[in-house]
Amino acid sequence: MIRHPFHLVEVSPWPLTTAAGAFCMTSGMTVWFHTHTVSLLLIGLALTSLSAIQWWRDVIREATFMGHHTSYVTKGLRLGMILFILSEVCFFFAFFWAFFHSSLSPTPEIGCCWPPIGIKPLNPFSVPLLNTAVLLASGVTVTWAHHSLMEGNRSNALQSLSITVILGMYFTFLQANEYLEAPFTIADSVYGSTFFVSTGFHGLHVLIGSTFLLVNLVRTYFHHFSTGHHFGFEAAAWYWHFVDVVWICLYICIYWWGS
């Protein structure tokens with residue numbers, strides 16, 4: 001028998017069910033846009049959520065109770081998370097490219113000006129500025145939680161991580177209200193398209209990051225982390241800092257300069 005430091009995972013149905021859920025969710029969103037029917041979208045959301053819960057449960061068992069996440073495995077997980085965040089950078093780069101392509105050289109179809117004629121942009125010093133303060137504060141609290149974990153201060157880690165999750169949910173609430181009160185829609189020329197697609201996908205990342213941190217809050221409560229073994233939290237913190245940086249770029253480029 002050959003011994004190796006890698007962790008060969010067991011056969012799992014969750015990648016397949018997650019893919020099926022994602023397919024139903026994206027198809028259901030298209031159906032919702034055209035026919036206002038939400039059944040397929042809800043099925044996709046339910047299937048994706050249940051798959052994520054089961055998959056997360058298995059990974060937590062492997063890491064916490066079965067001891068499969070050795071230092072060598074953790075090194076690979078770190079590299080995987082870094083590459084994932086780099087892929088997300090490329091993802092948002094496309095949105096910024098579309099925005100600057102349209103705004104730096106406006107075409108005659110939109111009046112040769114930016115914002116296009118008839119578009120009243122949002123005030124960057126109202127709700128967007130508050131959202132910026134909320135996300136920056138959440139970056140501070142998640143760093144506080146990280147240092148608390150490294151020092152073995154579980155009480156402070158729970159407190160700071162709870163504040164971070166609340167701030168993430170508050171950001172989502174503020175952005176939802178901003179969308180409801182916006183004087184333009186995604187159908188209002190290229191300005192509406194680039195605004196809602198870029199900020200909307202960022203909002204989706206905030207929801208994912210908040211869920212990621214909430215799972216780590218529960219794990220912290222159940223003593224799953226130690227001072228030297230808490231990569232699950234580190235991955236969530238990296239992701240959250242990435243979300244913060246993207247929002248700062250969105251605020252400066254789209255809300256402030258773009259208005």
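- For the residue pair Ser51 and Leu47, the shortest heavy atom distance occurs at OG-O, 2.8 Å.
- Taking hydrophobic clusters as Ile, Leu, Val, Met, Phe, Trp and Tyr residues chained together by side-chain heavy-atom distances below 4.5 Å, Ile53 does not share a cluster with Ile43.
- At a threshold of 4.5 Å between side-chain heavy atoms, the hydrophobic network of Ile, Leu, Val, Met, Phe, Trp and Tyr places Val165 and Leu204 in one connected group.
- Taking the side chain as every heavy atom from C-beta outward, Phe242 and Val89 approach each other to under 4.5 Å.
- Aromatic ring pairs are classed by plane angle as parallel below 30°, tilted from 30° to 60° and perpendicular above 60°; the pair Phe173 and Tyr170 is parallel.
- By the 4.5 Å heavy-atom criterion applied to side chains, Ile208 and Thr211 are not counted as neighbours.
- Heavy atoms only, all atoms of each residue included: Gly200 and Tyr179 are closest at N-OH, 2.9 Å.
- For the pair Trp144/Thr164, no side-chain contact is recorded, criterion being any heavy-atom separation below 4.5 Å from C-beta on.
- The side-chain hydrogen bond (donor to acceptor under 3.5 Å, both in side chains) pairs that include a residue from residues 112-134 are Thr132-Trp247, where partners are two or more places apart or lie in different chains.
- With a 4.5 Å cut-off on side-chain heavy atoms, Met25 and Leu41 count as touching.
- The hydrophobic cluster around Leu207 extends to none of the other residues, as no ILVMFWY side-chain heavy atom falls under 4.5 Å of it.
- For the pair Val190/Glu109, no side-chain contact is recorded, criterion being any heavy-atom separation below 4.5 Å from C-beta on.
- Taking the six-membered ring for Trp, Trp238 and Phe84 have ring centres at least 6.0 Å apart.
- The shortest side-chain heavy-atom distance between Ile110 and Thr107 falls under the 4.5 Å cut-off.
- Between the Tyr251 side chain and the Pro124 main chain, a donor and an acceptor come within less than 3.5 Å of each other.
- Under the 4.5 Å side-chain criterion, counting only non-hydrogen atoms from C-beta, Val127 is not in contact with Asn177.
- Grouping the Ile, Leu, Val, Met, Phe, Trp and Tyr side chains by contacts below 4.5 angstrom, directly or via other members, places Leu45 with Phe33.
- Neither side chain, Tyr255 nor Thr199, offers a donor N or O lying under 3.5 Å from an acceptor on the other.
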Practice item. Show the numbers, then the answer: is there a ring-ring contact (aromatic ring centres under 6.0 Å, His included) between His202 and Phe171? Key: CA-CA 11 Å; His202 176 268; Phe171 176 91; 5.7 Å; yes
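- With hydrogens and angles disregarded, no donor-acceptor distance shorter than 3.5 Å links the side chain of Ser49 to the backbone of Ala46.
- Contact detail for Pro108 and Cys112: the closest heavy-atom pair is CA-SG, 3.5 Å.
- Side-chain contact check for Leu217 versus Ser162: some heavy-atom pair is nearer than 4.5 Å.
- Using a 30° and 60° split on the angle between ring planes, Phe195 and Tyr191 fall in the parallel class, below 30°.
- Within a 6.0 Å sphere centred on CZ of Phe100, heavy atoms belonging to other residues, nucleotides or ligands number more than 12.
- Contact record, Ala157 with Thr220: CB-CG2, 4.3 Å, taken as the closest heavy-atom pair.
- Scanning both residues, Phe96 and Cys249, for their nearest heavy atoms gives CZ-CB, 3.6 Å.
- Hydrophobic clustering (ILVMFWY, side-chain heavy atoms < 4.5 Å, transitive): Val140 and Leu213 are in distinct clusters.
- Arg219 places no side-chain N or O within donor-acceptor distance of the main-chain N or O of Phe225, the cut-off being under 3.5 Å.
- Hydrophobic clustering of Ile, Leu, Val, Met, Phe, Trp and Tyr side chains at less than 4.5 Å, counting indirect connections, unites Phe222 with Leu149.
- Evaluation of the side-chain hydrogen bond (donor to acceptor under 3.5 Å, both in side chains) test over residues 79-105, restricted to residues two or more places apart or in two chains, returns Glu88-His205.
- Nearest heavy-atom pair across Gly192 and Phe184 is CA-CD1, 4.3 Å.
- Looking only at distances, a side-chain donor or acceptor of His230 sits under 3.5 Å from a matching main-chain atom of Ser226.
- The closest donor-acceptor contact from the side chain of Ser138 to the backbone of Leu135 lies under 3.5 Å.
- Within the 3.5 Å criterion, the main-chain N or O of Thr185 finds a donor-acceptor partner in the side chain of Asp188.
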